[in-house]
Amino acid sequence: MFILQTSPIDPVEAKNKYSNPANGAIVTFEGIVRADEHKGSTVSELLYIADNASVIDEGEKIIKEALSQFSISEAVCIQRIGQLKISETAVWIGVWAPHRDEAFKGCRYIIEEIKKRLLIWKKEFYSNGSKAWIHGQQTHDKNIRG
């Protein structure tokens, strides 16, 4: 399941909502906004903008790929868009499996593919009042709309 949302991500709620007692492992990844330094100024917040339709479609593809490539029973990715402050969760991934190794592999696959394939743009706002768009890792793929 892939979710794109503007509201804050609650990792505990997400983990509990999709938990299944039949699994022996859950691996989670939580990406948070950090106060990076840029040309002598500190990042104070970020703005994430997405091509919503293509991001949801491609996000669902990535989840399906992980489910088919690894022995995992459930995978959820919640991606936040909009204005985020330092320490807020930007992305949360949960992968459930009978055993830990496959859960780790599935989680790693999902975050790496999301960083490469989703059309999400990031603008950094700095403590000195300046701002800049940041170039991501996205690769333009003929299978991605937009």
>> Quick test of your reading of the model: are Lys105 and Asp101 salt-bridged, counting only N-O distances below 4.0 Å?
In response: yes
Would you mind reporting whether [Y] and [X] have side-chain heavy atoms less than 4.5 Å apart?
| X | Y | answer |
| --- | --- | --- |
| Ile110 | Ile63 | yes |
| Gln79 | Ile120 | yes |
| Asn52 | Ile81 | yes |
| Leu118 | Phe2 | yes |
| Asp51 | Trp121 | yes |
| Leu84 | Tyr48 | yes |
| Pro11 | Thr89 | yes |

Is [X] reaching over with its side chain to a backbone N or O of [Y], donor-acceptor style, under 3.5 angstrom?
| X | Y | value |
| --- | --- | --- |
| Glu124 | Lys131 | no |
| Gln69 | Ala66 | no |
| Thr6 | Gly82 | no |
| Arg80 | Gln5 | no |

Donor-acceptor list for residues 70-77 side chains, cut-off 3.5 Å, not counting sequence neighbours:
{"from": "Ser73", "atom 1": "OG", "to": "Asn23", "atom 2": "OD1", "distance (Å)": "2.7"}
{"from": "Ser73", "atom 1": "OG", "to": "Asn23", "atom 2": "ND2", "distance (Å)": "3.0"}
{"from": "Ser73", "atom 1": "OG", "to": "Trp96", "atom 2": "O", "distance (Å)": "3.3"}

>> Would Lys61 and Glu58 count as a salt bridge (charged side-chain N to carboxylate O under 4.0 Å, His left out) here? Give the steps.
In response: CA-CA 5 Å; Lys61 284 181 192 173; Glu58 196 67 16; 3.6 Å; yes
Considering residues at least two apart in sequence or located in another chain, which fulfil the side chain to side chain donor-acceptor pair (under 3.5 Å) criterion with [X]?
| X | answer |
| --- | --- |
| Ser127 | Ser41 |
| Arg108 | Glu112 |
| Asp10 | none |

>> side chain to side chain contact (heavy atoms under 4.5 Å, CB included), that's the test. Do Lys123 and Leu46 meet it? Break it down for me.
In response: CA-CA 6 Å; Lys123 188 175 195 177; Leu46 297 176; over 6 Å; no
> Mind checking what makes side chain to side chain contact (heavy atoms under 4.5 Å, CB included) contact with Glu113, not counting sequence neighbours?
Replying inline: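 Counting only residues at least two positions away or on another chain, Glu113 forms a side chain to side chain contact (heavy atoms under 4.5 Å, CB included) with Ile62, Tyr109, Lys116, Arg117.
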> salt bridge (charged side-chain N to carboxylate O under 4.0 Å, His left out) with Glu13: which residues, sequence neighbours excluded?
Replying inline: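 For Glu13 there are no salt bridge (charged side-chain N to carboxylate O under 4.0 Å, His left out) partners, ignoring immediate neighbours.
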